[in-house]
Asks: 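There's a structure below that I have some questions on.
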2 protein chains.
Amino acid sequence: MALEHAILVSLAEKTASGYDLARRFDASIGHFWKASHQQIYKVLGRMESDKWVEAHLVEQSGRPDKKVYAITGEGRDELLRWSSTPTPIEPTRSEIAVKVRGLPFGDREAVLSDVRTRREAHVAQLAYYEASAAKHYPDPSAIGEDELGAYLVLRAGFMQEQTGIAWCDEILQAFGADER
Amino acid sequence: MALEHAILVSLAEKTASGYDLARRFDASIGHFWKASHQQIYKVLGRMESDKWVEAHLVEQSGRPDKKVYAITGEGRDELLRWSSTPTPIEPTRSEIAVKVRGLPFGDREAVLSDVRTRREAHVAQLAYYEASAAKHYPDPSAIGEDELGAYLVLRAGFMQEQTGIAWCDEILQAFGADER
DNA sequence: ATTCCCATGTAATTAGTTACATGATTCG
DNA sequence: CGAATCATGTAACTAATTACATGGGAAT
């Protein structure tokens, strides 16, 4: 129910084609809301019939034509309405936590090696967030109101990766598998 | 694809009826893998035909009969096999992050009040994990190998709630809305 | 009387994933 | 010559949610 709203936020910031949106959902927005291009095209169609967005065709030379979507007044109304409804807490689903919990019934070495891999992914993602923050917000005290939301979700990502690393370290330490 | 395995882990620890499992997925296991009773009954049926679990009927007086499920040898094999496959990283989906990102297009006060509510939920959950740790693992240095997995996922919950609280505080502080 | 606990399911719908499909251009 | 980028979709399937359905016993 919320991919629609994630798309609305993205289009409120800047008009985009389905393809553009798919790329945004691979990067910035995608850090906290993933979506495939197939899903995006499907939802965009629904949103167009709901009049939340409107498309106009842009002909291009040398590359395929594209449909550029823009948010409508009704779309903005919907964003405002949605922003003031209470947000349900998403149920957590962590397959690696199930594996850790079930360690006595599993392949210990394989799970620990999985944890090591996960730790590396967290480290890489943390570095990415760090670079992104340094590039876009070199002076955190100078962040304007309009950028604050984007900055804060970057912070969320940053903090989550740190926590992920710390958890992996606890696991590896607990099993005496933290030396490399 | 992994509810099956969460159920296998739970049944490897102790046999249970669908109803019992549903309660476990409301509590312990449910902290990192949510599932409704409808879904559990459906999956249990599939798992029975796959011979991963077997059921025997327990007649009760004064309350409805129940089907008690136990993991089979094949189920244990599957658990072991699954534990040594690489775990994909779950895509994050945080509706509140979308709202924070879209703050310039939303109802600021409503979103901040939503963040305050979310903070309280994190605090309550943290207290729950704290109490649970104090009860089950009063002496962390005395935790045995067989309990270690369960303890570590409790730690994950604990750390995640702490991070959640810290993020909420950053948001409220950034918008100068942190006084109550 | 009403609500909660025990106990098990089916049916309908929505959301999301995976696979399939096409075709031009640009870069190495 | 092959891979990547740009660009848009359909079709089939799986997973999950929501709603519906039943019924006895115990506690307030």
Side-chain angles (χ1 to χ4, degrees), chain A residues 1-8 11 15-27 29-30 32-50 53-69 82 87-95 98, chain B residues 1-8 15-27 29-30 32-50 53 55-69 82 87-95 98:
Chain A
M1 264 278 125
L3 174 57
E4 278 91 335
H5 297 103
I7 290 177
L8 282 179
L11 289 181
T15 60
S17 65
Y19 186 84
D20 295 331
L21 284 168
R23 275 187 315 169
R24 288 185 202 169
F25 278 82
D26 272 344
I29 307 266
F32 48 92
W33 203 277
K34 295 265 178 255
S36 62
H37 71 100
Q38 293 92 330
Q39 207 188 335
I40 288 168
Y41 284 118
K42 208 191 298 179
V43 170
L44 272 175
R46 194 160 64 214
M47 290 169 78
E48 202 180 354
S49 9
D50 289 345
V53 298
E54 50 188 24
H56 67 272
L57 206 78
V58 174
E59 281 170 53
Q60 299 186 118
S61 57
R63 40 182 69 180
D65 297 350
K66 60 179 174 180
K67 277 201 249 174
V68 174
Y69 289 89
W82 168 76
T87 312
I89 290 168
E90 287 89 12
T92 319
R93 287 228 167 86
S94 170
E95 194 171 331
V98 178
Chain B
M1 267 278 124
L3 175 56
E4 278 89 337
H5 297 102
I7 290 177
L8 283 178
T15 60
S17 64
Y19 186 84
D20 296 332
L21 284 169
R23 275 186 315 169
R24 287 184 203 170
F25 278 83
D26 272 343
I29 308 265
F32 47 92
W33 203 276
K34 295 266 176 253
S36 63
H37 71 102
Q38 293 94 329
Q39 207 188 337
I40 289 167
Y41 285 118
K42 208 189 298 177
V43 170
L44 273 175
R46 194 160 65 213
M47 290 170 78
E48 202 181 353
S49 11
D50 289 345
V53 297
H56 66 272
L57 206 76
V58 175
E59 282 171 53
Q60 300 187 117
S61 57
R63 41 182 68 181
D65 298 349
K66 61 179 176 181
K67 276 200 249 175
V68 175
Y69 289 90
W82 168 75
T87 312
I89 290 169
E90 287 88 12
T92 317
R93 287 225 167 87
S94 169
E95 193 171 331
V98 179

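Just so you know, these numbers use all the heavy atoms, side chains as well, and skip hydrogens, waters and symmetry mates. Reminder, nothing fancy here: chain letters follow the sequence lines and each chain counts from 1.
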Asks: Could you tell me the separation between the CD atom of A:Glu4 and the C1' atom of C:dT14, rounded to a whole number of Å?
Replies: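 After rounding, the gap between these two atoms is 11 Å.
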Asks: How close or far is atom C1' of D:dA15 from atom NE2 of B:His5, stated in whole angstroms?
Replies: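 Value for this atom pair: 15 Å.
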Asks: Send over the distance from B:Leu44 CG to D:dA16 P, rounded to a whole Å.
Replies: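 After rounding, the gap between these two atoms is 14 Å.
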Asks: Compare side-chain N and O positions of B:Tyr41 against OP1 and OP2 of C:dT8 and report whether any pair is under 4.0 Å apart.
Replies: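 So the side-chain polar atoms of B:Tyr41 do come within 4.0 Å of the phosphate oxygens OP1 or OP2 of C:dT8, strictly under.
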Asks: Classify the nucleic acid contact of B:Lys67 as base, sugar-phosphate or nothing, counting any heavy atom under 4.0 Å across all strands shown.
Replies: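 The residue B:Lys67 makes sugar-phosphate contact but no base contact.
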Asks: Under 4.0 Å between any heavy atoms, over every strand shown, what does A:Gln38 touch: base, sugar-phosphate, or nothing? Just pick one.
Replies: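 Touches a base.
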Asks: Here's a test of your reading of the structure: between B:Lys42 and B:Gly18, which maps to the more 5' nucleotide of DNA chain C?
Replies: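 Looking at the nearest nucleotide for each, B:Gly18 comes out on the 5' side.
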Asks: OP1 or OP2 of D:dC6 sitting under 4.0 Å from any side-chain N/O of A:Ser17?
Replies: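 No, A:Ser17 has no side-chain N/O under 4.0 Å of OP1/OP2 on D:dC6.
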Asks: When the distance from NZ of B:Lys66 to P of C:dC5 is rounded to whole Å, what number comes out?
Replies: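 Answer to the nearest Å: 16 Å.
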Asks: Pick the nucleotide of DNA chain C nearest each of B:Asp20 and A:Gln39; which residue has the one closer to the 5' end?
Replies: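 Looking at the nearest nucleotide for each, B:Asp20 comes out on the 5' side.
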Asks: Looking only at side-chain N and O atoms, does A:Arg23 come under 4.0 Å of OP1 or OP2 in D:dC6?
Replies: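 Yes, within the criterion.
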Asks: Are A:Asp20 and A:Arg23 close enough, and set up right, to give a salt bridge (Lys or Arg N to Asp or Glu O under 4.0 Å), and what steps lead you there?
Replies: CA-CA 5 Å; A:Asp20 295 331; A:Arg23 275 187 315 169; 3.1 Å; yes
Asks: Does A:Arg46 make a side-chain N or O approach to OP1 or OP2 of C:dA15 shorter than 4.0 Å?
Replies: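 A:Arg46 to C:dA15 OP1/OP2: side-chain N or O found under 4.0 Å.
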Asks: Whole angstrom is fine here: how far is it from CD in A:Gln60 over to P in C:dT25?
Replies: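 Atom-to-atom, A:Gln60 to C:dT25, this comes out as 13 Å.
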